[in-house]
Student: 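What follows is a single structure, and I will ask about it in a moment.
Start at 1 with the first residue, then count along the sequence.
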Amino acid sequence: MKLQGIKNEYFAYVVGLSMVALLVSVGTYVYLGTFSRHLADDYCEAVRVTNMSPLDAVLERYSVGAWRAANRYSNLLFVGISESLSENNILFSTVSMIIMWYFGLTWTVYELRKLLKIDWLIHFDLFWGLFFGFFSFLQAPNLFQTIYWRSSMMTHFAPLVFGLFLTAFLLKNARTPAAQPVPLWAGIVIFLSSFVIAGFSEPPTATALAALFLSLLAVGIWGKSPARKKYVILLGWACTGMFVGLLTMIFSPAIADVTSEKGLNLIELLGTSFLYAYLFIVDALKTQPLPSLISISVSAAMFWLYGQDNPIELTSRRKRLVLFFILAIPVLVWVLIAAGFSPSVYGQGFPVERMRFLARSLMIAGFMLEGALLGLLLQHVQFKPNPRAGRIAVLAVFAVIMVVYPLRAAFNIIRYDLPEYRARAELWDLRNAYVIRHASMGEKDLVIPGFSGVYQVKEIDNDPNHWVNKCAARFYGVESIRAFTIPDEELLDYLNE
């Protein structure tokens, strides 16, 4: 499939302008990350990885399991790496992870279109990466918990970020000459990367295993020799790494005696997972219909506009394949979401909000693919009686949506979210300095001003025996710490004492 450069310069300008608008919006999400601070589990994890090496901390938790999710091994390892970076390590790791998300998306799009032999300008790859990343943040079920709270981010967002890099690496190796064998070092890298990614949490691992299995099935049906052998080897390395990682979590000594409280059998587990996935999809469509419609329509318009000046050859076989995927994509998305929900169904019930980010991202990817395929099929459709006026009209609508919508989102973040994030970070910094100052004076039992929890994340409590308080006390090196309520107008004066 060959696509050439953009012949319509107006289309090129609109795409460029859209990318600027997307970058502005993405920049606001990145900027919010600079206001991330320690909260709840962050204190506990920071204490654990600073009292011993990150690797020892992982092994100790994996073996003893005094914490929740003790079987997971990668998130605490990366928390340890984060804590060793600098005093402002949380904001640094948050910002870095967001930037890596967008870079990984763009690299994956680049490698995918190279594998499919699609020849367009590279800034199209950047557009699609920014487009997907923007909508994934815009529609996140709980953006703060997923991205801006490090403990959760290292569990539910980090595996997706690193998973993108693994996907891009697989695609890069897949597009080498078919006769060229997969190097052993590449297989080992894929296996180890998959193993590490699996150790962040069970839901992304379950989704990845389902996706890899379906990919192996597709290669078996549609793959052609000798490329088929190469694809099977690459996918096999990844699948093995993921499966070994999942087994490592399942057979952790820390959860050896833990069983599902519901006592679900396999049939009930699968049935409930597919039911919850269906309910999630329906709810997402009802609560956020406009972003879903934009994801489809913009993708369709993009390919339709491109095809007006750069016709894409579609043989009868390719048309049938496109139609097949248009019908199959909703089913595939449903299956992958159900796979990601299954660990939560087994352990607790309907997934909490931060676990639904992956499911929402899968829906967005599905919408974008549906739109792109529809645009591909409709590329020869013309607006009569004036095709040129029709193109201009579609281009104008495309420009309005892709410039106004991201800038509107950025404006709302700056107007509503930014003041809240900034104010809270400033107060946290003042309180942090206050605690350090009094601890350095030899005080062991501290009484400090308390803040309310944020986005269902627990703050330091008024009970010194609360688990958050105990972790915070160890974090600051004191015997105990508790919070009390103080009027807002007196807070700044108190902290500056």
Side-chain angles (χ1 to χ4, degrees), residues 58 62 69-78 97 100-101 104-105 107-108 111-112 153-174 182-220 223 228-252 254-255 266 269-270 273 277 332-347 351 355-359 361-362 365:
V58 171
Y62 181 80
N71 60 320
R72 298 169 183 170
Y73 49 88
S74 297
N75 48 4
L76 193 62
L77 179 64
F78 278 85
M97 202 63 69
M100 288 171 62
W101 172 245
L105 287 169
W107 186 24
T108 300
E111 294 295 344
L112 181 60
M153 180 264 286
M154 286 293 184
T155 302
H156 302 292
F157 183 58
L160 309 188
V161 174
F162 295 122
L164 281 174
F165 283 84
L166 175 60
T167 302
F169 187 73
L170 285 168
L171 293 170
K172 182 177 178 63
N173 280 272
V182 178
L184 179 60
W185 69 265
I188 294 174
V189 168
I190 292 168
F191 173 83
L192 293 177
S193 300
S194 302
F195 178 77
V196 171
I197 292 169
F200 281 100
S201 60
E202 298 85 353
T205 304
T207 302
L209 282 171
L212 289 167
F213 174 78
L214 291 172
S215 298
L216 283 168
L217 185 63
V219 168
R228 176 190 296 174
K229 181 179 179 181
K230 170 174 284 189
Y231 296 160
V232 169
I233 292 174
L234 289 170
L235 293 170
W237 278 110
C239 195
T240 304
M242 286 286 177
F243 187 66
V244 171
L246 182 61
L247 291 179
T248 302
M249 290 189 289
I250 290 175
F251 293 105
S252 164
I255 61 167
L266 182 60
L269 176 63
L270 291 175
S273 298
L332 291 174
V333 170
W334 184 31
V335 170
L336 294 178
I337 291 176
F341 279 8
S342 59
S344 297
V345 171
Y346 180 81
M355 292 183 181
R356 301 176 215 162
F357 180 82
L358 173 57
S361 297
L362 289 171

Student: Looking at Ser74 and Ile197, would you say the former's side chain and the latter's main chain have a donor-acceptor pair under 3.5 Å?
Tutor: no
Student: If you define the side chain from C-beta out and look only at heavy atoms, does anything of His156 sit under 4.5 Å from Phe357?
Tutor: no
Student: Side-chain polar contacts of residues 184-193 - donor-acceptor pairs under 3.5 angstrom, sequence neighbours left out - could you list them?
Tutor:
from: Ser193; atom 1: OG; to: Val189; atom 2: O; distance (Å): 2.7

Student: Looking only at heavy atoms, which two atoms of Met355 and Pro351 are closest? And how far apart?
Tutor: CB-CB, 4.0 Å
Student: Rounded to the nearest 0.5 Å, what separates atom OG1 in Thr108 from atom CG in Leu171?
Tutor: 7.0 Å
Student: What I'd like to find out is whether the side chain of Glu111 reaches to under 4.5 Å of the side chain of Trp107, using heavy atoms alone.
Tutor: yes
Student: Using a 4.5 Å cut-off on heavy atoms from C-beta on, say whether the side chain of Leu270 contacts that of Ser342.
Tutor: no
Student: Can you name the ring-ring contact (aromatic ring centres under 6.0 Å, His included) partners of Phe162, sequence neighbours left out?
Tutor: Phe78, Phe200
Student: Looking at Ala339 and Ala206, what are the two nearest heavy atoms and their distance?
Tutor: O-CB, 3.2 Å
Student: If you look at every heavy atom in Asn75 and Met154, which pair is closest and at what distance?
Tutor: CB-O, 3.3 Å
Student: Is there a side-chain contact (heavy atoms from CB on, under 4.5 Å) between Thr248 and Phe195 once you walk through the steps?
Tutor: CA-CA 9 Å; Thr248 302; Phe195 178 77; 3.4 Å; yes
Student: From Thr167 OG1 over to Leu212 CG, what is the distance, rounded to the nearest 0.5 angstrom?
Tutor: 8.0 Å
Student: Please answer whether the main-chain N or O of Thr155 pairs with a side-chain N or O of Ser201 as donor and acceptor at a distance below 3.5 Å.
Tutor: yes
Student: If you look at every heavy atom in Val345 and Ser273, which pair is closest and at what distance?
Tutor: CG2-OG, 3.7 Å
Student: May I ask you to test the Leu362-Thr207 pair for a side-chain heavy-atom distance under 4.5 Å?
Tutor: yes
Student: Out of curiosity, Tyr231 OH to Asn173 CG, how far, rounded to the nearest 0.5 Å?
Tutor: 11.5 Å
Student: Would Phe213 and Phe243 count as a ring pair (Phe, Tyr, Trp, His ring centres under 6.0 Å) if you check the C-alpha gap in whole Å, the side-chain angles of each, and the deciding distance to 0.1 Å?
Tutor: CA-CA 11 Å; Phe213 174 78; Phe243 187 66; over 10 Å; no
Student: Out of curiosity, Leu235 CG to Leu216 CG, how far, rounded to the nearest 0.5 Å?
Tutor: 4.5 Å
Student: Determine whether Leu160 and Pro204 make a side-chain contact, defined as any pair of heavy atoms from C-beta on separated by less than 4.5 Å.
Tutor: yes
Student: Does a side-chain heavy-atom distance below 4.5 Å link Leu166 with Ser194?
Tutor: yes
Student: Which atom names give the shortest non-hydrogen contact between Leu170 and Ala238, and what distance separates them?
Tutor: CD1-CB, 4.2 Å
Student: Answer yes or no: is there a side-chain heavy-atom contact under 4.5 Å between Glu202 and Asn71?
Tutor: yes
Student: Trp334: which residues meet the ring-ring contact (aromatic ring centres under 6.0 Å, His included) condition with it, sequence neighbours left out?
Tutor: Phe274
